[in-house]
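All residue numbers in this chain count up from 1 along the given sequence.
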Amino acid sequence: MSLDRGTKIYAAVLASICFGILLAWLLTLDFRLGEIDDMLQRDPLISSYPYPFRAMQIRGTTAIISSPRSSAMPAVKFIGLIKPSLKNLSDQDPKLIAAQKELAAVQSKVRKLVVDREDIDRVEWRIDKEWFAEKGIWLD
């Protein structure tokens, strides 16, 4: 089966547009995000923590890293999600305080590893709405 001239031109234009879109998408990819994620997964302290810290974006020399806490999701509430046995404890309970210190230590280690890269000077934290949505929690 042979295509007529108009169909061939249409197919060529469509293929060119698709190729252009693919090329534009490939040029905007930042492979450093994957490098940072791999680096974080290789660290035993970070990879064993119940929340998967990940690189979300890089702007200049600032890495945007996912975080499980913000004003919309305080650390105490987050800890209750990952450690249900601590959910109803008082804010002053030593177990809850220890869990908060553990989260702070892990997040601090994430920051240190990311900033130790030559191309990153700063870390900015962004609440991980996708992770919470997977858990059935919608944050604004």
Side-chain angles (χ1 to χ4, degrees):
M1 178 170 118
S2 172
L3 300 176
D4 65 39
R5 186 172 186 269
T7 305
K8 287 179 183 177
I9 292 171
Y10 174 74
V13 169
L14 190 60
S16 297
I17 291 171
C18 289
F19 178 74
I21 291 170
L22 177 65
L23 183 61
W25 176 71
L26 286 173
L27 291 174
T28 62
L29 285 179
D30 194 337
F31 294 102
R32 296 177 298 170
L33 296 174
E35 292 171 3
I36 291 172
D37 288 345
D38 291 342
M39 174 184 63
L40 296 177
Q41 284 305 305
R42 283 193 305 271
D43 184 273
L45 176 68
I46 297 167
S47 63
S48 65
Y49 196 73
Y51 173 77
F53 289 92
R54 62 187 174 84
M56 301 175 89
Q57 183 182 5
I58 296 176
R59 282 190 311 223
T61 58
T62 300
I64 313 294
I65 306 294
S66 67
S67 175
R69 61 182 177 173
S70 73
S71 59
M73 178 57 64
V76 173
K77 191 171 180 183
F78 164 72
I79 290 168
L81 285 172
I82 61 167
K83 298 181 180 189
S85 64
L86 304 180
K87 191 174 191 169
N88 297 318
L89 296 179
S90 158
D91 290 351
Q92 301 305 313
D93 190 287
K95 291 177 188 173
L96 190 56
I97 291 171
Q100 288 178 326
K101 286 182 180 179
E102 177 188 22
L103 171 58
V106 172
Q107 199 160 354
S108 177
K109 179 108 186 241
V110 168
R111 184 193 173 288
K112 181 185 179 333
L113 286 175
V114 173
V115 171
D116 281 349
R117 289 178 52 100
E118 290 179 10
D119 56 337
I120 303 295
D121 294 333
R122 224 175 94 165
V123 167
E124 202 173 284
W125 301 101
R126 183 177 297 158
I127 189 72
D128 193 346
K129 293 179 182 180
E130 290 176 17
W131 186 84
F132 284 105
E134 289 172 6
K135 308 287 183 227
I137 299 169
W138 306 102
L139 302 173
D140 290 329

For the pair Asp116 and Lys112, evaluate salt bridge (charged side-chain N to carboxylate O under 4.0 Å, His left out) and give the outcome as yes or no after the intermediate values.
CA-CA 6 Å; Asp116 281 349; Lys112 181 185 179 333; 2.7 Å; yes

Side chains of [X] and [Y]: does their closest heavy-atom pair fall under 4.5 Å?
| X | Y | answer |
| --- | --- | --- |
| Ile82 | Pro68 | no |
| Val110 | Trp125 | yes |
| Asp43 | Lys109 | yes |

With rounding to the nearest 0.5 Å, note down the distance linking [atom1] in [X] to [atom2] in [Y].
| X | Y | atom1 | atom2 | result |
| --- | --- | --- | --- | --- |
| Arg69 | Tyr51 | CZ | OH | 11.5 Å |
| Glu134 | Asp128 | CD | CG | 8.0 Å |
| Arg111 | Ser67 | CZ | OG | 13.5 Å |
| Ile58 | Leu33 | CD1 | CG | 4.5 Å |
| Ile64 | Ile36 | CD1 | CD1 | 10.5 Å |
| Asp37 | Glu35 | CG | CD | 10.5 Å |

Same cluster for [X] and [Y] if Ile/Leu/Val/Met/Phe/Trp/Tyr side chains link at under 4.5 Å?
| X | Y | value |
| --- | --- | --- |
| Phe53 | Leu45 | yes |
| Leu113 | Val123 | yes |
| Ile137 | Trp131 | yes |
| Ile46 | Met56 | no |
| Met39 | Val115 | yes |

For the student: nearest non-hydrogen atoms of [X] and [Y], plus distance:
| X | Y | value |
| --- | --- | --- |
| Met73 | Phe132 | CG-CZ, 3.4 Å |
| Leu139 | Ala72 | CD2-O, 4.1 Å |
| Ser71 | Pro74 | O-CD, 4.2 Å |
| Ala55 | Ile65 | CA-CD1, 3.8 Å |

Look at the side chain of Ser66 and the backbone N and O of Arg54, then say whether any donor-acceptor pair between them is shorter than 3.5 Å.
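Yes, Ser66 side chain to Arg54 backbone: donor-acceptor pair under 3.5 Å.
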
More than 12 non-hydrogen atoms from neighbouring residues, nucleotides or ligands closer than 6.0 Å to CD on Glu130, yes or no?
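Incorrect, the count does not exceed 12.
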
Are Arg117 and Asp119 close enough for a salt bridge, meaning some N to O gap below 4.0 Å?
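Answer for the salt bridge query: yes.
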
